[in-house]
Amino acid sequence: MPIRQLAPDVAAKIAAGEVVERPASVVKELVENALDAGARAVRVELQNGGLGLIRVTDDGQGIPAEELPLAFARHATSKIGALADLERIATLGFRGEALASIAAVARVTLSSRPREMIAGAQLEMNEGVLGAVTPAGVAAGTMVTVRDLFASVPARLKFLKTRATETGHALRLVEQYALAYPEVRFSVVSEGRQVFTTPGDGRLFTVLVAVYGLGIAEQMVPLAGSESRDGMAGAPSTPARDKESDRPDVIGYVSRPSCYKSTRGYLSFFVNRRWVQSRTLSYAVEEAYHSLLLTGRHPIAVVNVTLDPALLDANVHPAKTEVKFLRDRQVYAAVQRAVREAVVATAESPAVSRSIFSVPAWERPAPLTSSMHPHASVPSGEDAASDGFASQEAPARPSENGEANGEVFPSHLFPGETGHTAAPANGFRVPGQDADALVGGVKLPVLRVLGQVSQSYIITEGPDGVYMVDQHAAHERILLERMITEWQERAVSSQLLLQPATVELSAAEREVVDEHVEALRAIGFEIEPFGGDALLVRALPAVLAGQPHPQPLRDLLLELAGADAEAASHGETWEEHALANVACKAAIKAGQTLSPQEQRELIRQLEGTSAHQSCCHGRPTMVHLSLSALEREFDRR
Ligand code: ADP
Ligand code: MG
């Protein structure tokens, strides 16, 4: 086929495809126009999932009769005038092609009356053919009715899903805008039934309730500064942006770690009140939950970022659902920090029995997956965990002093803690003694050790029922906390090797280690050059010293030294990542039999940590089965 210019209507339909993908895209453009027009109330009606009819009615500023035809013209907009305006976009629309695109693939009626006029007007455009402007008796504001969407584009129709699905997409869209504009009253009517409404009281919390229900809304916490602003007129449209530093302002709500979803579909992001999809922002939020949520679990979040429009490119996507940040890292860091602060604050709330995870173990997926600890050796005893109780094949219990064989963690794994077994023989602790201490503002329950299950879990009794502890996760948490403290005080304990070890490296590997040699020293390694590219290791972090080493020292060094990218991807510094890695390797494994005394010691030390409900990889260290849950299970009430 020779090259030919496409007929204008064909070209228009192709161009429309970029903007109008499905009924929800039409809803999006119309709702954005209503918001740009300063509407305080936006009503959306749908018939047949939007394919029959989409009508958006607003009480905004309206369009004068003589401008109605222009509204339909491609690249006609009242929102920007010159190219330079693109650098400071303050409205949701600016491309001037939404109405034109919609009218290319549907029958559109536009009727409007500016508030100051007594009469309104209306204009129809059908498949790209413009009608005449006629007077119309309409309320102040604008009403756009879209009928027979895609009726002439069967290729597009084919790709649409069921009515329910399309209605769902459209509804979700309105919900997003409702979250971004709590001061606007929204309502959605589908097939004649009201399916969504917000009061427009200016409070984001109210919209959260409307969108997610009270149960979830109550599980959400405001980001710092949001609560005071929530409820103020116009909030969050006029957040007090830090003018001097030009730093992004971040407000919103995020879920407590105890409340989560299995998909990322519950993360809502608004940048200067534009609803956007953003990997940077999703990443920032998910990273903020690092070590507080298991993998595969995702938070619920509504995050509003406000920043100088000059630091933003909103014109990178035809449907304007993506933005580019000029200072990507700054935005990432601001969001991550804001969310992390809010989430950590909830994790430290004093209500231990609530903050301790209370999903019964058998309702959760197997808590120890080797994929989360790619480097930890998980002994075979691990498999027995699924049965709930120790298997018949459990190795014989070693002697109580814990030195009978290499499987038992010797007490020196708790450096500086040996000989400090405060618990009386029966394991009960007297309230008021050490276990009652306040650590990080958290009142810790006194736990009585009942025994070990499946060589992996320690079962204890506390003030309200049974607390089951994952021995590996718990020990890892204990060691990590101790190492972090020592590291901060520049006093990480090292253990000299009886025989210094030589490590042969390639030139490239040597470079990687050299780059981190100071940092490696700070976490307890003693390393010196040893001819060519080889190194001599004289000492290890003390926690690793007593350990039988499944991993050659060379691999360990390279793994630790080369983990910059991995650390960054977890939002950690190299040191934090390395310490967590060392703690994981040094911690007792699942499948290791512990003597009663070792079990008590472990629990006592766990009580002394500050974030005792989750290990550094985010798996819970503890599962709580409350007395009332037990009573329910046994039909006692
Ligand atoms: P854009 O939003 O990018 O400017 P549109 O095609 O969506 O382009 O709209 C074209 C113009 O029509 C807008 O710039 C605005 O002036 C006017 N307009 C559209 N919808 C409304 C509305 N609901 N209320 C007031 N004016 C509107
Ligand atoms: Mg628009």
Side-chain angles (χ1 to χ4, degrees), residues 12-13 15-21 24-45 54-83 85-106 108-117 120-125 128 130 133 136 138-146 149 173-174 176-177 180-181 184-187 272-276 309 313-323:
K13 284 198 171 73
E18 286 199 319
V19 178
V20 188
E21 189 194 336
S25 349
V26 173
V27 174
K28 174 176 186 292
E29 295 298 337
L30 299 183
V31 168
E32 286 188 351
N33 280 349
L35 293 169
D36 277 345
R40 306 295 297 186
V42 178
R43 176 185 161 91
V44 179
E45 286 170 73
I54 298 169
R55 173 176 289 147
V56 176
T57 313
D58 69 57
D59 61 353
Q61 68 188 32
I63 310 170
E66 63 277 12
E67 286 185 18
L68 284 180
L70 263 180
F72 279 117
R74 194 166 287 278
H75 309 306
T77 177
S78 56
K79 299 170 193 175
I80 59 172
L83 193 59
D85 294 347
L86 262 188
E87 284 176 23
R88 307 201 62 88
I89 289 170
T91 49
L92 297 170
F94 54 87
R95 295 169 62 101
E97 55 184 7
L99 286 178
S101 296
I102 297 166
V105 290
V108 182
T109 311
L110 175 60
S111 58
S112 192
R113 173 162 78 83
R115 204 162 288 127
E116 62 279 8
M117 310 260 186
Q122 120 175 7
L123 172 63
E124 190 179 285
M125 190 166 180
L130 204 58
V133 178
V138 289
T142 304
M143 180 165 89
V144 183
T145 310
V146 178
L149 181 65
L173 210 128
V174 179
Q176 297 306 307
Y177 279 94
Y181 289 78
V184 175
R185 265 186 299 132
F186 284 90
S187 70
N272 289 355
R273 310 193 89 193
R274 176 190 305 286
W275 179 50
V276 296
D313 186 356
N315 190 26
V316 289
H317 189 276
K320 302 164 292 174
T321 51
E322 285 171 23
V323 286

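Counting starts at 1 for both ligands and their atoms, in listed order.
Within the 4.5 Å cutoff, the side chain of Leu99 has heavy atoms near those of the Asn33 side chain. In this structure, the side chains of Trp275 and Leu92 stay at 4.5 Å or more apart for every pair of heavy atoms. Looking only at side-chain heavy atoms (C-beta outward), Pro114 and Ile63 stay at 4.5 Å or farther from each other. Side-chain contact between Tyr177 and Val184 is absent, with no heavy atoms from C-beta onward closer than 4.5 Å. At least one side-chain heavy atom of Val20 sits less than 4.5 Å from a side-chain heavy atom of Leu149. Between Leu68 and Val133 there is a side-chain heavy-atom pair separated by less than 4.5 Å. When side chains are defined from C-beta on, Arg185 does not count as touching Arg40, because their heavy atoms never get closer than 4.5 Å.
With respect to atom 10 (C) of ligand 1, the closest heavy atom belonging to the protein is Ala76 O, 3.5 Å. In this structure, atom 12 (O) of ligand 1 lies nearest to the protein heavy atom Ala71 CB, 3.6 Å. The nearest heavy-atom contact from the protein to atom 2 (O) of ligand 1 is Lys79 NZ, 2.8 Å. Looking only at protein heavy atoms, the nearest one to atom 15 (C) of ligand 1 is Ser78 OG, 3.4 Å. Ranking protein heavy atoms by distance to atom 19 (C) of ligand 1, first place goes to Asn33 ND2, 3.5 Å. Atom 3 (O) of ligand 1 has its closest protein heavy atom at Gly96 N, 2.7 Å.
The one candidate from Leu110, Val26, Thr57 that meets the side-chain contact (heavy atoms from CB on, under 4.5 Å) condition with Val144 is Leu110.
Polar contact with ligand 1: absent for Gln61 (N/O pair, distance under 3.5 Å). Distances between N or O atoms of Glu29 and those of ligand 1 include no value under 3.5 Å. When only interatomic distances are considered, the shortest N/O to N/O separation between Thr142 and ligand 1 falls below 3.5 Å.
For ligand 1, the atoms lying closer than 4.0 Å to a non-hydrogen atom of Gly93 are 2 (O), 3 (O). For ligand 1, the atoms sitting less than 4.0 Å from at least one non-hydrogen atom of Ile63 are 17 (C), 18 (N), 21 (C), 25 (C), 26 (N), 27 (C), numbered in the order shown with element in parentheses. Taking every heavy atom of Ala37 and a limit of under 4.0 angstrom, the matching atoms of ligand 1 come to 24 (N), 25 (C). Within the listing of ligand 1, atoms 1 (P), 4 (O), 14 (O) sit less than 4.0 angstrom from a heavy atom of Thr77.
Among the atoms of Asn33, an N, O or S atom is found under 2.8 Å from the Mg ion (ligand 2).
The backbone of Glu97, and not its side chain, has at least one atom closer than 4.0 Å to an atom of ligand 1 (non-hydrogen atoms only; backbone = N, CA, C, O). If you look at Asp58 next to ligand 1, the close heavy atoms, those under 4.0 Å, all belong to the side chain. Contact annotation for Leu99 and ligand 1: heavy atoms of both the backbone and the side chain come within less than 4.0 Å of the ligand.
Of all heavy-atom pairs spanning Ala73 and Ala100, the tightest one is C-CB, 4.1 Å.
Cation-pi geometry between Arg273 and Tyr181 is satisfied (NZ or CZ under 6.0 Å from the ring centre, within 45° of the ring normal).
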